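Predicted, not measured: the structure shown is a model, and the values here were computed from it.
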Amino acid sequence: MSARKHVVVVGAGYAGMQAANRLLSRHTDIDVTVVNPRPVFVERVRLHQVAAGTGSATHDLVDLLHPRAALRVASVVRVGEDVVELDDGAAVRFDAAVYAVGSGPGVPEVPGGDRAYSVSDLDSATALHDALTSLPDGSAVTVVGAGATGTEVASELAESHPQLTVTLIGDAGAGLPDRTRRYLHRTLTSLGVRLRAGTVTGITDDAVLFDDGTTAASDATVWAGGFAVPDLARRSGLDVDEAGRLLVDTTLRVPGRRRLVGVGDAVRVDARDHIRMSCQAAMPLGRHGADTVAALLHDREPAPLSLRFVALCLSLGRRHGAVQVVRADDTPRDLVVTGRAGALGKETVVRSTVWDIRRTGRKRAARAAESSSPTKEFDAAGER
């Protein structure tokens, strides 16, 4: 490759940051512009702490990005063949682009769903925090959805706001080994979380409605029923699945777009049914996406993705946690670390993700020849 090439990375979450820093740390002949709506990196795995007031979740992007990265604070409104169009009217041309827009709050598809709070993005978690601080003692908070996010939210709120009554709707630990499930239920109960089964069919200002016709008081309702992806790919005329995720092949290329690569939560890899939306998957996807981009720009055939999961990590307040070991395909094994050791394990993993992004960003760019063989397999360590 004789001339310098320019890569645009759309999004500065876990996947986008890894892609940008890896490209710049390994290739002196590639320039990268990162386009992101805000000048900070958001640790989404800490947003339940933002909501509870027990921690922060932002880092200045300039402190994490490689020194050669150019940062453009704006939103992309369309991805074209060789240009991204921004919401300020500008356009940024590229030789290759990385689609890394991530995911955000899912809209509850029940009457009154717009009344629910979320912890799926920074603004939503901050709004929930503000609402909680204004509630009088004894108020009822309902968390709908007992997956990883809902379980963490309910336990964090119950521990940090003992003056509130927190109820978790769903079966915490469903699909996990019995030992893990029992530990989650026992710990949630010890923190004061009320566990309730049922399907929520409506939300009002002061209650949640269930499919059996009953209601429960709720002064603040948190929806933790899953994530949704932005509609940028669909608006750009790109092929998406029914959830709006960008379709990519096993190398993370977008079919029909020679130098467009997709990474992170907002993509579906070769019609695979499930890759858990998580930094555990997003970071190796970002690294592999960077290697695919470099291969394409150097006229090489990129390698297929091989993604391996390691664990599901849950925090249950600040003093308890669970690290559930999983197989490479993300199915649980009969091995779990719980209690304070689990909490320490979770916190170590969360800190290590930011450390790894910063470490990659501080590496000096190697000669292109030294990185001619893209990494073919990554370990995905530790987070939901």
For [X] against [Y], the heavy-atom pair lying closest together:
X	Y	value
Thr149	Val119	CG2-CG2, 3.7 Å
Ala220	Tyr117	CB-CE1, 4.2 Å
Leu47	Ala57	CD2-CB, 4.0 Å
Leu307	Pro284	CD1-CG, 3.5 Å
Ser155	Leu188	CB-CD2, 3.8 Å
Val269	Asp249	CG1-O, 3.7 Å

[X] side chain near [Y] side chain, heavy-atom distance below 4.5 Å:
X	Y	value
Ile357	His59	no
Glu347	Arg46	yes
Tyr99	Val254	no
Gln163	Pro136	no
Leu252	Val98	no
Gln18	Asp356	yes
Phe309	Ile275	yes
Val141	Leu135	yes

Any side-chain donor near an acceptor of the partner, [X] and [Y], under 3.5 Å:
X	Y	value
His66	Ser25	no
Ser315	His48	yes
Arg115	Ser218	no
Ser103	Asp265	yes

Going through the checks in order, is the salt bridge (charged side-chain N to carboxylate O under 4.0 Å, His left out) test met by Asp31 and Arg68?
-> CA-CA 7 Å; Asp31 298 319; Arg68 288 202 295 116; 3.6 Å; yes

Quick check on [X]: does its [atom1] atom have over 12 non-hydrogen neighbours (other residues, nucleotides or ligands) under 6.0 Å away?
X	atom1	answer
Arg340	CZ	no
Arg318	CZ	yes
Asp178	CG	no

So, [X] side chain and [Y] main chain: donor-acceptor pair closer than 3.5 Å or not?
X	Y	value
Gln324	Cys313	no
Glu159	Leu191	no
Arg196	Leu168	no
Gln280	Val310	yes
Asp219	Ser139	no

Taking [Y] as the starting point, is it possible to reach [X] by hopping between hydrophobic residues whose side chains are less than 4.5 Å apart?
X	Y	result
Ile169	Leu195	no
Ile30	Val261	yes
Leu209	Val144	no
Leu285	Val240	no
Leu312	Val337	no

Nearest 0.5 Å, what's the [atom1]-[atom2] distance between [X] and [Y]?
X	Y	atom1	atom2	value
Thr187	Arg319	OG1	CZ	11.0 Å
Leu246	Arg234	CG	CZ	11.0 Å
Leu64	Asn21	CG	CG	8.0 Å
Asp330	Arg276	CG	CZ	4.0 Å
Leu247	Arg245	CG	CZ	8.5 Å
Glu152	Leu157	CD	CG	11.5 Å

Does the pair Arg268/Glu242 count as a salt bridge with the N-to-O cut at 4.0 Å?
->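 Here Arg268 pairs with Glu242 in a salt bridge, since their nearest N and O are under 4.0 Å apart.
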
Using the salt bridge (charged side-chain N to carboxylate O under 4.0 Å, His left out) rule, pick out the option among Arg258, Arg257, Arg93, Arg259 that qualifies with Asp82.
->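 Only match with Asp82 under salt bridge (charged side-chain N to carboxylate O under 4.0 Å, His left out): Arg93.
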
Apply side-chain contact (heavy atoms from CB on, under 4.5 Å) to the pair Leu238 and Leu260, showing each step before the final yes or no.
-> CA-CA 11 Å; Leu238 301 169; Leu260 178 60; 3.9 Å; yes

Report the C-alpha distance between Arg253 and Glu301 in whole Å, list the side-chain angles of each, state the deciding distance to 0.1 Å, and finish with yes or no for salt bridge (charged side-chain N to carboxylate O under 4.0 Å, His left out).
-> CA-CA 11 Å; Arg253 287 180 294 189; Glu301 183 63 25; 2.9 Å; yes

Could Arg44 and Phe227 be counted as a cation-pi pair, given that NZ or CZ must be under 6.0 Å from the ring centre and within 45° of the axis?
->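 Yes, a cation-pi geometry.
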
Stepwise side-chain contact (heavy atoms from CB on, under 4.5 Å) check, Asp88 with Arg72 = CA-CA 11 Å; Asp88 60 8; Arg72 185 70 178 266; 3.3 Å; yes

